[in-house]
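Okay, structure first, notes after.
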Amino acid sequence: MTELLPDAPPATPDPAPAPLTLRVPTEEDAYAWHQVFDHPEVMEFLGGRSSELSLYYEFTARQRRHDAEHGFCLWTVLDEAGQVVGFTGAQPWPHPWGPAGEIEIGWRLARTAWGRGYATAAARMTLERLRAAGVERVVAMVNTRNERSLAVARRLGMEPGETIPIPGHEGEEARCFRLAL
């Protein structure tokens, strides 16, 4: 006779990231973004260093305008303690090359926020907000050497598409991921 063993406890899933909050960037967030992105690893695929503070003021103002006009933008990500840890969100593709006319989803986090599931969790929150705003599809342009962001795009269920040379960055390419919402 076969002895029945008690049911084994269920496998423990990976811990969920702490609750995150997304908000339309404030003028003060320009300084916070400048600070949290001022790390060579964060900026490795974006020129190697953080932009001048004045550019972050312009960038956050543009995001407030995008939110007012489109109902979405690159939102500031706050961790469970209310600290700025980066941004995630979407905006119309801002360059003359690549997926012109498309809505691009993107994310950038402070180095100290890496490896906690924040990028994927915040990007999923973004996708829900975009669906609610009536966006039908998004793209993500990811440097082909940026393994962390490639993994986030895959975890979101995005389909890899064409590879496009990045103008002004000899030998660099971006993979265009697509997702129907």
Side-chain angles (χ1 to χ4, degrees), residues 17-99 102-127 129-130 133 138-153 155-156 166-170 172-175 177:
L20 300 174
T21 302
L22 304 183
R23 73 170 181 218
V24 175
T26 64
E27 189 171 329
E28 293 79 19
D29 288 343
Y31 180 76
W33 288 7
H34 181 259
Q35 293 297 306
V36 300
F37 299 150
D38 193 21
H39 189 286
E41 286 182 87
V42 172
M43 300 305 293
E44 179 180 2
F45 305 106
L46 301 164
R49 63 184 182 88
S50 187
S51 298
E52 296 295 323
L53 180 57
S54 62
L55 293 177
Y56 283 103
Y57 280 107
E58 178 185 316
F59 191 44
T60 55
R62 186 168 59 243
Q63 296 314 310
R64 289 189 294 278
R65 188 174 61 251
H66 284 315
D67 187 70
E69 293 173 0
H70 304 290
F72 57 86
C73 65
L74 294 174
W75 292 289
T76 295
V77 178
L78 305 169
D79 67 11
E80 66 278 2
Q83 297 299 307
V84 173
V85 295
F87 68 66
T88 188
Q91 63 180 352
W93 176 250
H95 305 290
W97 59 276
E102 299 280 350
I103 302 299
E104 180 201 25
I105 183 174
W107 47 85
R108 187 185 314 168
L109 296 178
R111 178 62 183 96
T112 57
W114 290 10
R116 298 179 183 199
Y118 287 175
T120 302
R124 285 185 175 136
M125 293 169 69
T126 292
L127 293 175
R129 288 184 175 198
L130 293 172
V138 293
V139 298
M141 292 295 289
V142 182
N143 186 301
T144 56
R145 296 185 306 114
N146 187 340
E147 292 297 329
R148 289 179 177 274
S149 284
L150 292 168
V152 171
R155 281 193 292 273
L156 295 174
I166 302 173
H169 298 270
E170 188 67 33
E172 297 283 323
E173 294 181 317
R175 170 80 61 197
F177 286 84

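Given the structure is predicted, the values throughout are model-derived calculations rather than measurements.
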Using a cut-off of 6.0 Å, state whether more than 12 heavy atoms not belonging to Glu69 lie near its atom CD.
yes
How close do Ala174 and Ile166 get, heavy atom to heavy atom, and via which atoms?
N-CG1, 3.8 Å
Could you check whether Thr60 and Asp29, counting side-chain N and O atoms only, form a donor-acceptor pair closer than 3.5 Å?
no
Determine all donor-acceptor pairs shorter than 3.5 Å in which one atom belongs to a side chain in residues 88-95; sequence neighbours excluded.
| unit_1 | atom_1 | unit_2 | atom_2 | d |
| --- | --- | --- | --- | --- |
| Thr88 | OG1 | Gly106 | O | 3.0 |
| Gln91 | OE1 | Gln63 | NE2 | 3.0 |
| Trp93 | NE1 | His95 | O | 3.2 |
| Trp93 | NE1 | Trp97 | O | 2.4 |

Could you tell me whether the side chain of His34 and the main chain of Glu52 form a donor-acceptor pair under 3.5 Å?
no
Of all heavy-atom pairs linking Met125 and Leu20, the shortest is CE-O, 3.6 Å
Under the side chain to side chain contact (heavy atoms under 4.5 Å, CB included) test, residues paired with Val36 that sit two or more places apart:
Ala110
Do the rings of Tyr56 and Phe37 sit parallel, tilted or perpendicular, given the 30° and 60° boundaries?
tilted
Treating Arg124 as the side-chain partner and Leu156 as the backbone partner, does any N or O pair qualify as donor plus acceptor under 3.5 Å?
no
Inspect the surroundings of CD in Glu44 and state if more than 12 heavy atoms from other residues, nucleotides or ligands are less than 6.0 Å away.
yes
Just how far is it from atom CZ of Arg108 to atom OG of Ser149, taken to the nearest 0.5 Å?
10.0 Å
Hey, what do you get for OG1 (Thr26) to OH (Tyr31), rounding to the nearest 0.5 Å?
13.5 Å
Would you name the heavy atoms of Cys73 and Pro25 that are closest together and state the gap between them?
SG-CD, 3.9 Å
I'd like to check Val139 versus Ile105 (side-chain heavy atoms, cut-off strictly below 4.5 Å). Are they in contact?
no
Val24 versus Trp75: any side-chain heavy-atom pair under 4.5 Å?
yes
Could you label the plane-to-plane angle of the Phe87 and Trp33 rings as parallel, tilted or perpendicular, counting under 30° as parallel and over 60° as perpendicular?
tilted
Value for NE2 (His66) from CZ (Arg64), rounded to nearest 0.5 Å, stands at 12.0 Å
Check: Arg116 and Asp79 side chains under 4.5 Å, non-hydrogen atoms
no
In terms of heavy-atom contacts, Val152 and Ala119 come closest through CG2-CB, 3.9 Å
Side-chain donor/acceptor of Trp107 to backbone N/O of Thr120, under 3.5 Å:
no
Beyond-backbone contact of Pro99 with Glu104, side-chain heavy atoms, under 4.5 angstrom:
no
Using atom types as modelled and distance alone, determine if a side-chain donor or acceptor of His70 lies under 3.5 Å from a backbone N or O of Phe72.
no
Nearest atoms (heavy-atom pairs only) where Ser51 meets Leu55:
CB-CD1, 3.9 Å
For residues Leu22 and Arg129, report the shortest heavy-atom separation together with the two atoms involved.
O-NH2, 3.3 Å
Decide yes or no for Val84 and Arg23: does some side-chain heavy atom of the first lie under 4.5 Å from some side-chain heavy atom of the second?
yes
Step through the shown structure and confirm whether more than 12 heavy atoms of other residues, nucleotides or ligands are within 6.0 Å of CZ on Phe59.
yes
First locate atom OG1 of Thr144, then atom CD of Glu172, and finally report the distance between them rounded to the nearest 0.5 Å.
6.5 Å
